[in-house]
Amino acid sequence: MCLLCNKVLSNDSMKPSKLEDHLKRCHTDKIGKDLKYFQTLKEKNEKRPTMHSMFASTSQSNDDGLRASYNISLLIAKSGKPHTIGEQLILPAVEEVLKTVLHKSPFDVLKRIPLSNNTVQRRVDEMSSDIESFLCNHLQKTHFSIELDESTLPGNEALLLAYVRFIMEEEIHEELLFARTLETDTKGESIFNVLSNFFTEKLIPFTNIISVATDGVPAMVGRYRGFISHLKRIIPGLTAIHCVNHRQHLVAKHLTDRLNQSFHFVIKAVNKIRSNALNKRLFAQLCDENDEDFQRLLLHTEVRWLSKGACLTRFYSVFDSVLEFLESRDPDLKKT
């Protein structure tokens, strides 16, 4: 192709004599130009945008926007926020940054980052499905330990959680395997059927299980009808373990007399402050004046594991403020 007139010449015209003839006939004013001039023309021709480069650039921009959409959807899922936050907060925030800080038009950038409610939900579902598929494929060819726990949600729904621990690349990993609802009862047979259906669906062999951890309730460890008894019929050499967290919970239920009495006084002091709205506000103000790290106490509940430890830790961290507060509100409790 001639760099001066952009005319495409035939292969026969590539002979030096014919090229020179083309220059004299069509570009007489350029005969005296040096080599550097034509090299400059060649560089400009190579840098000019072509149809291929334009489509490649657009494709790259769309890929970057798609990747950003997935990454932001992952952040939304990790934060536990509603999926609508993408359109309601994140995109307006990005638009403000582009206009105010970078002084760029946000339209071209925002239209390549889809973050609608349905889009975020679809992205999260796709990523979770991919993670589950990768995990199940790995469990098909490696040994692992499994832990199961049945919990009742506020709506009286029975939820079965399963965790697995395995070795991958010489490191121990722990992942949530599934969370399934128990439709009817929470007996050992029902729990085993849920696990069996999942393993059958994902093609995970039962023989890869080397140990199982449970909370020690009869539905799990019953000799004849418990979940472990059903599992041992398939895996006779299975090792059954009592979950460490449940052990700590059981120990916390049977404190020594001295610890139990001390804990009773702590709960009484916490209830004294938390049960009254005025006391709660005054105590928060006192903690602020004393420059405490926290401004409220934690309530103890029997339902959640280790809440006694969390309650005592918070109480100890603001112990001086508690004594100062009880001095005016309940001197007898302070003396105890």
Side-chain angles (χ1 to χ4, degrees), residues 125 127-255 301-310:
D125 290 342
M127 288 186 287
S128 62
S129 177
D130 182 70
I131 293 173
E132 182 184 48
S133 177
F134 175 81
L135 176 60
C136 292
N137 289 338
H138 183 72
L139 296 180
Q140 291 173 3
K141 52 189 177 182
T142 188
H143 291 90
F144 59 90
S145 298
I146 188 170
E147 178 184 355
L148 292 104
D149 180 46
E150 178 271 320
S151 300
T152 303
L153 301 179
N156 291 328
E157 297 177 348
L159 186 67
L160 179 64
L161 301 174
Y163 296 86
V164 289
R165 180 174 292 178
F166 54 92
I167 297 177
M168 184 171 61
E169 296 179 355
E170 299 182 356
E171 293 184 0
I172 298 177
H173 296 264
E174 184 173 330
E175 298 288 344
L176 172 67
L177 183 59
F178 66 79
R180 295 290 175 92
T181 302
L182 296 172
E183 300 295 340
T184 55
D185 54 62
T186 58
K187 296 180 180 179
E189 183 178 1
S190 301
I191 295 174
F192 175 77
N193 289 336
V194 172
L195 181 67
S196 178
N197 293 337
F198 181 85
F199 274 37
T200 303
E201 177 186 351
K202 302 301 180 181
L203 303 178
I204 302 175
F206 275 100
T207 53
N208 284 357
I209 302 177
I210 58 176
S211 64
V212 58
T214 65
D215 55 0
V217 297
M220 289 290 186
V221 299
R223 183 174 181 181
Y224 299 106
R225 299 180 182 179
F227 163 75
I228 294 180
S229 66
H230 288 282
L231 196 58
K232 282 189 174 182
R233 293 169 189 168
I234 303 176
I235 319 170
L238 181 71
T239 302
I241 306 170
H242 196 156
C243 177
V244 175
N245 286 341
H246 285 92
R247 288 181 182 178
Q248 295 175 352
H249 181 57
L250 292 175
V251 170
K253 284 186 175 181
H254 302 282
L255 300 173
T301 170
E302 289 286 350
V303 177
R304 299 186 181 276
W305 304 342
L306 310 183
S307 59
K308 291 180 180 179

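Once rounded to the nearest 0.5 Å, the distance linking CD1 of I204 with CG of N137 reads 8.5 Å. Rounded to the nearest 0.5 angstrom, L159 CG and L182 CG are separated by 7.5 Å. Rounded to the nearest 0.5 angstrom, L238 CG and T207 OG1 are separated by 11.5 Å. The line from NE2 of H138 to CD of E175 is 10.0 Å long, rounded to the nearest 0.5 Å. Interatomic distance, H143 NE2 to I167 CD1, rounded to the nearest 0.5 Å: 11.0 Å. Here the straight-line distance linking atom CD1 of I191 with atom CG of D185 works out to 9.0 Å at 0.5 Å rounding.
For residues 216-231, the set of pairs meeting the side-chain hydrogen bond (donor to acceptor under 3.5 Å, both in side chains) definition, not counting sequence neighbours, comprises H230-R233.
Between K202 and E132 there is a salt bridge, with a side-chain nitrogen of the basic residue lying less than 4.0 Å from a carboxylate oxygen of the acidic one.
With sequence neighbours excluded, no residue satisfies side chain to side chain donor-acceptor pair (under 3.5 Å) with T239. Every residue two or more places apart in sequence or in another chain was checked for a side chain to side chain donor-acceptor pair (under 3.5 Å) with T186, and none qualifies.
At distances below 3.5 Å, not a single donor-acceptor pair connects side-chain atoms of D149 with backbone N or O atoms of D215. Judged by distance alone, with hydrogens and angles left aside, the side-chain atoms of S133 form no donor-acceptor pair with the main-chain N or O of S129 at under 3.5 Å.
Taking both residues in full, the closest heavy atoms of I172 and R165 are given as CG2-CG, 3.6 Å, listed atom of the first, atom of the second, then distance. Shortest non-hydrogen contact noted between V194 and R180 is CG1-CB, 3.7 Å. Nearest approach of L176 to A162, heavy atoms of both residues: CD1-O, 3.4 Å. Closest approach of F206 and I235 over heavy atoms only: O-CD1, 2.9 Å. Between M220 and L160, the shortest heavy-atom distance links the atoms CE-CD1, 4.4 Å.
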> Do V212 and L148 pass the side-chain contact (heavy atoms from CB on, under 4.5 Å) test, and can you show the C-alpha distance, the side-chain angles, and the key distance before you say yes or no?
Replying inline: CA-CA 8 Å; V212 58; L148 292 104; 3.9 Å; yes
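More than 12 heavy atoms of other shown residues, nucleotides or ligands fall within 6.0 angstrom of atom CD in Q140. Within a 6.0 Å radius of CZ in F134, no more than 12 heavy atoms belonging to other residues, nucleotides or ligands are found.
A tilted orientation is assigned to the rings of F198 and F178, their planes being inclined by 30° to 60°. Between F192 and F227, the angle of the ring planes lies from 30° to 60°, which puts this pair in the tilted group.
Between F199 and I209, the closest side-chain pair of non-hydrogen atoms falls below 4.5 Å.
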